[in-house]
Amino acid sequence: MDIKVETTKKKIEAYDVEKIRKDFPILFQKVHGKNLCYLDNAATTQKPQSVIDEVIKYYETINSNVHRGVHSLSEMATQAYEESRNKVRDFINASSEKEIIFTRGTTEGINLVAQSFGRMNLKDGDEVIISTMEHHSNIVPWQMICEEKNAKLKVIPINENGELIFEEFEELLTEKTKIVSVVYVSNSLGTINPVKKIIEKAHSFGVPVLLDGAQAIQHFRVDVQDLDCDFFAFSGHKIYGPTGIGILFGKKALLESMPPYMGGGDMISKVTFEKTTYNQLPYKFEAGTPNIADTIGLGKALEYVNQIGIDKIAVYEKELLDYATESLSQIEGLKIIGQAKEKSSVISFVFDIVHPHDVGTFLDFEGIAVRTGHHCTQPVMDRFNIPATARASFALYNTKEEVDVLVNGLKKVLEVFS
Ligand SMILES: Cc1ncc(COP(=O)(O)O)c(C=O)c1O
């Protein structure tokens, strides 16, 4: 008995969500006269005060261009910018900061690999493997390069629960496969894919794997060396950082073998009209003046997550997801789309009698922000034969009380529409 009390107490001390919420000023506002209940975190997360302050501080004190000046402001800006790179390296356990490329977001990271690795390696008849549950940003870049190179895009199917069918993946892998590019966590189903198994299998064919980590990085520990992935892309704004900054991790040997994605300043070593040689990693892939302020903001966001502890966040969010799944399952006529055994903080759902857009609009008047639509995963909607879903997605600052607010809001929706 004593032990149980002690454990419960420790748990509360360990994760104080009310204290955490106070770090996010935006959460304390009214929408349509109701307390904001922000459940659209898979689209973007809110920012803690420390991140907001860091971006402002940059502009107030050291705003300057990086890598180009000998004057003090430029040196300080460069140092802060490169410190952020080191923070990212440590956060995902990359072996070197040379493997960390700053991009605008996940979309740009995947396009970079498709246009650089893809253009260099794909030829007539080659194959690229993705899955049915990809975000459009992990479909269209591959379609574009496959079309250009006359290569074939192959798609791993998913089952009724929204899980990848691994045996089908094994069937798709051939000596023609040049890359496998799959999502770690689905943004519309919440499915956590068995990426380690996928990577092991692909590597047994000598095929590299890109992971779209946009919905993974903020929810549980990512260790790129342990995963042994070849590329890993994510966006800063999904992990409490600013928009317009993202990361592409790539294994050094692969990145070194790849041509630049964009040409311009900073990515060169020497330019003459006859020939240009390129800068070393990671700068070879960072042409032009980068998004300095938001890069520094991302570093602060990772620091914030580290202070709370990503493992604690994972445990707390799992509890919240289980509670929300259980609560929403009780609502008559509500069907959850995506019932994988391994899921992260996303619940997509539909009603027989109300269109998801009506659900979203009605909930907004209750102060509840959920996303409705195809979530940039139209093939997932086609797979389940639905036009759209409503989606609640959770972050480290959401509470069980907010889940109750959502449930009550949905009950009101049903009263009005039935
Ligand atoms: C799984 C997944 N991949 C890629 C993206 C694209 O991210 P961004 O728009 O930040 O580039 C998203 C965004 O929602 C996503 O959820």
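Basis for what follows: all heavy atoms, side chains included, without hydrogens, waters or symmetry-related copies. Counting starts at 1 for both ligands and their atoms, in listed order. If you read the sequence from its start, that first residue is 1, and numbering goes on from there. What you see is a predicted model; the values in this text were computed from it and never measured.
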>> With a 3.5 Å distance limit and no angle check, can you tell me whether Glu402 reaches the backbone of Leu39 through a side-chain donor-acceptor pair?
In response: no
>> Quick test: of every protein heavy atom, which one is nearest to atom 15 (C) of ligand 1, and how far off is it to 0.1 Å?
In response: His135 CD2, 3.3 Å
>> Distance under 4.0 Å to a non-hydrogen atom of Thr107: what atoms of ligand 1 satisfy this?
In response: 6 (C), 7 (O), 8 (P), 9 (O), 11 (O)
>> Regarding ligand 1, does Glu108 bring an N or O atom to under 3.5 Å of one of the ligand's N or O atoms?
In response: no
> Nearest protein heavy atom to atom 16 (O) of ligand 1, by residue and atom, and its distance?
Replying inline: Gln215 NE2, 2.7 Å
>> Using a 4.0 Å cutoff against the non-hydrogen atoms of Val183, which atoms of ligand 1 qualify?
In response: 1 (C)
> Any Lys/Arg nitrogen of Glu127 or Lys154 sitting under 4.0 Å from an Asp/Glu carboxylate oxygen of the other?
Replying inline: yes
>> Under the criterion ring-ring contact (aromatic ring centres under 6.0 Å, His included), I'd like the reasoning laid out for Phe102 against Phe285: C-alpha separation, chi angles, the key distance, then a yes or no.
In response: CA-CA 8 Å; Phe102 289 127; Phe285 291 106; over 10 Å; no
> Which is it for Thr106 and ligand 1 at heavy atoms under 4.0 Å: side chain, backbone, both or neither?
Replying inline: both
>> Applying side chain to side chain donor-acceptor pair (under 3.5 Å), can you list everything that pairs with Asn279, at least two apart in sequence or on another chain?
In response: none
>> Could you tell me, atom by atom, which parts of ligand 1 come under 4.0 Å of a heavy atom of Ser137?
In response: 3 (N), 4 (C), 5 (C), 6 (C)
> Which pairs, with at least one residue in residues 225-235 and sequence neighbours excluded, count as a side-chain hydrogen bond (donor to acceptor under 3.5 Å, both in side chains)?
Replying inline: Thr106-Ser235, Lys196-Asp226, His203-Asp228, His203-Asp230, Asp228-Lys251, Asp230-Lys251
>> To check your reading of the model: name the closest protein heavy atom to atom 3 (N) of ligand 1, its residue, and the distance in Å.
In response: Asp212 OD2, 2.6 Å
>> What verdict does the ring-ring contact (aromatic ring centres under 6.0 Å, His included) test give for Phe220 and Tyr184, after you've listed the backbone C-alpha separation in whole Å, the side-chain angles of each residue and the deciding distance to 0.1 Å?
In response: CA-CA 11 Å; Phe220 48 78; Tyr184 199 158; 5.2 Å; yes
> Asp212 side chain to Ala214 main-chain N or O, any donor-acceptor pair under 3.5 Å?
Replying inline: yes
> Which atoms of ligand 1 are found less than 4.0 Å from any heavy atom of Ser235?
Replying inline: 7 (O), 8 (P), 10 (O), 11 (O)
> What do we get for Lys238 next to ligand 1 when only non-hydrogen atoms under 4.0 Å count, side chain, backbone, both or neither?
Replying inline: side chain
>> Exactly one of Thr289, Thr78, Asp266 should register a side-chain hydrogen bond (donor to acceptor under 3.5 Å, both in side chains) with His67. Which one does?
In response: Asp266
> Taking non-hydrogen atoms only, is His237 closer than 4.0 angstrom to ligand 1 via side chain, backbone, both or neither?
Replying inline: side chain
